[in-house]
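Quick caveat, the model's predicted, so the values are computed rather than measured.
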Amino acid sequence: MRHTDLKKASRSPHLSFPDTVRLRQEHFGGILFHTRTGTTMEVDREAYRLVSLIQSRGVVDINNLDRVWFERYNHHLNHPQALKIVDKLVALNMLIVMPSGLLHRNLEEADVSEKDGLEEWPSGSVLSAPETVHWAVTFRCDLACPDCYVQRHSHTTAAELDTEQSLALIDRLAEAGIFQLAIGGGEPFLRSDLIQLLVRAKAGNMVTHVTTGRHLDIGTLKEIGKYITSLQVGIKQDALIQHPSAEREKLSELIVRTREQGIDVGANLILSRSTIHDFESIIEELSRAGFKRITLLRYKPAGDRNRWVQEKPASDELLSLEEKLGITVDTYSHIQFRVDCGLAFLERHLPPEQAGYHGIRGCSAAERILSIAPDGSVYPCSQLVGPKFRAGHLPTDEFQDIWRNSEILRRYRKFRTHKGFKKSQCGQCMAKSQCGGCRVFAPDALGADPGCPAPILLPAKSGKHPVDERYAMLVDIQESIGCTEGGFPFATLEEIEGWLEEAECRDYPRWLKEED
């Protein structure tokens, strides 16, 4: 609704702050989070003051904004700019327009002289807390899905937090101001106390999502329906490829039962080589089953290395995915497609300003997300789990101390300044601000991602370039193989590149092999 429309709504339209929106003050201003839509919006200090003013008064007459603002802050409001801010917030349902005919209160009763608590802004350049926490409540699972990376953590011997410890952990996250709690595993429904955890998370005003690999029964869905916002279902792509009708029917039944309980349901689809090959038919089956939201996940190192060799997509397959995805999004306009940060290279052609406007930031490990293991250990993300990545232990360490002072978290927030990253293709790519690759694929779990199929590179001033280095390496290999008597190489550069890609596909990232 534009501000011209605001005036049409009533001679004296009023603005109200909805109870579905949460505010959190930050060093740059603040974050608004809509608990029903999941929309997150960053605003500067002046905009945050405006929203806080509306929240503190309950209802504000838009025509009296100048006066109310002056009485609170003792300086005049930039009214045209304020209306632009209001336009945007109303369009995102962050503010509500209330015609004056529906109001039954004296708008002059509010005490505009009271302090608003915004004199002091948080210090530093880090968010006061993550926006989302991913919590693997267990590493146990009874499904044995072939592409599950949790098998990599089978060596973890630390005990899961018990119910009392888990409830205390949730309280600490709520106190820290976390917006969203994403509960997964393993299989979270193997925990007998899961309902208790969901109840406590809702009481802490956190939006809670649960990821499962099970086709839940109606009784379980009724239990969780009051406490979660969405359920993400892990798609068994092998079964969907081999037995599409039977698998689609099971998924369709689950969707109907889930929506009857008022739960938003989505699909998690891992983009293995087989999935990319049958991408169009898989999406068609998911659409026919009734999914309205599909999250696409980059294929991460599986627990089974033979599976990794078989299913890790090569560069040309990732490029084919990029083409297929564009067509698919247009074809299935009724489906909301999301991609995880490991696939940020799909957005590499967006101008940085446009990417920033849409909240596309690439890897946000330790910056906007945080991961918690079943024993309460804290990690930069759910993939980087192990002794070398452990940033703290929530049952024994203070949350803010971990968040602000952990050297591990600081390192991952600043990965773009890492020497190995800066000299790599990722570091010289034009899209490094909104992408930067995935740390899981970096050989040292910190630097550049060698799996990007087509970085956007400018010629280097020195004449040297990561691409040039790759070319020189290929030429060296070609010369070492030798040539025929007529001077023709025994192997073309394209063939050698293919051999290297095949070899790279067969290996886990070096940091994972070192953990064995």
Side-chain angles (χ1 to χ4, degrees), residues 147 149 151-153 155 271-273 297-318 340-345 348 362-367 371 379-391 407-429 431-432 435-455 457 460 464-474 476-477 496-516:
D147 294 311
Y149 68 86
Q151 297 173 37
R152 300 202 316 254
H153 309 318
H155 63 280
L271 296 173
S272 63
R273 174 175 288 164
L297 307 174
R298 186 172 174 183
Y299 188 68
K300 311 296 195 309
D304 182 345
R305 291 199 181 186
N306 291 326
R307 178 74 175 186
W308 171 256
V309 172
Q310 175 186 338
E311 290 294 340
K312 182 180 184 295
S315 295
D316 61 330
E317 291 164 323
L318 289 173
D340 74 356
C341 57
L343 291 168
F345 62 78
R348 65 189 180 281
C363 177
S364 55
E367 184 178 10
S371 178
Y379 298 96
C381 88
S382 58
Q383 292 283 331
L384 300 174
V385 176
K388 69 168 68 173
F389 306 112
R390 189 174 185 266
E407 286 300 322
I408 290 172
L409 299 188
R410 287 180 178 180
R411 190 184 311 146
Y412 278 90
R413 287 182 191 127
K414 298 179 180 179
F415 75 86
R416 290 180 176 84
T417 65
H418 185 258
K419 183 178 180 181
F421 179 89
K422 292 170 70 175
K423 291 186 175 182
S424 70
Q425 292 188 42
C426 280
Q428 298 190 36
C429 178
K432 64 182 178 182
C435 179
C438 177
R439 309 282 66 74
V440 177
F441 294 87
D444 61 355
L446 184 64
D449 178 352
C452 175
L457 302 166
K464 291 185 177 181
H465 197 280
V467 171
D468 298 330
E469 294 173 7
R470 180 76 167 185
Y471 177 79
M473 180 181 68
L474 294 174
D476 287 342
I477 295 174
I496 297 170
E497 178 72 18
W499 298 339
L500 290 176
E501 286 192 357
E502 183 178 358
E504 289 165 357
C505 285
R506 289 183 180 279
D507 290 336
Y508 266 17
R510 190 179 69 230
W511 69 269
L512 267 174
K513 293 192 292 184
E514 291 171 353
E515 285 197 338
D516 291 349

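Listed for the D340 side chain is a donor-acceptor partner under 3.5 Å among the backbone atoms of L343. Put simply, the side chain of S424 gets close to the backbone of G427: a donor and an acceptor are under 3.5 Å apart.
Nearest heavy-atom pair, Q425 versus L457, reported as atom, atom and distance to 0.1 Å: O-CD2, 3.5 Å. Pairing each heavy atom of L409 with each of A366, the nearest pair is O-CB, 3.6 Å. The shortest non-hydrogen separation linking G362 to C341 is O-CB, 3.4 Å. For the residue pair S315 and P453, the shortest heavy atom distance occurs at O-CB, 3.6 Å.
With rounding to the nearest 0.5 angstrom, the SG atom of C452 is 14.0 Å from the NZ atom of K432. Here L318 contributes atom CG and K312 contributes atom NZ; the two are 7.0 Å apart, rounded to the nearest 0.5 Å. The CG atom of L271 lies 11.5 Å from the CD atom of E311; values are rounded to the nearest 0.5 Å. Interatomic distance, K423 NZ to Q428 CD, rounded to the nearest 0.5 Å: 10.0 Å. For the atom pair SG of C435 and CZ of R416, the computed distance is 8.0 Å after rounding to the nearest 0.5 Å. In this structure, F389 CZ and Y379 OH are separated by 10.0 Å, a value rounded to the nearest 0.5 Å.
A 4.5 Å side-chain heavy-atom check between Y149 and S382 finds at least one atom pair inside the cut-off.
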Side-chain atoms of residues 438-449: list all donor-acceptor pairs with protein atoms under 3.5 Å, sequence neighbours left out, distances to 0.1 Å.
| from | atom 1 | to | atom 2 | distance (Å) |
| --- | --- | --- | --- | --- |
| R439 | NE | L446 | O | 2.9 |
| R439 | NE | G447 | O | 3.1 |
| R439 | NH1 | G437 | O | 3.2 |
| R439 | NH2 | G436 | O | 2.9 |
| R439 | NH2 | G447 | O | 2.6 |
| D444 | OD1 | L446 | N | 3.0 |
| D444 | OD1 | G447 | N | 2.8 |
| D449 | OD1 | R298 | NH2 | 3.3 |
| D449 | OD1 | G451 | N | 2.7 |
| D449 | OD2 | R298 | NH1 | 2.6 |
| D449 | OD2 | R298 | NH2 | 3.3 |
| D449 | OD2 | C438 | N | 3.0 |

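Below 30°, between 30° and 60°, or above 60°: for Y299 and W308 the angle between ring planes is below 30°, a parallel geometry.
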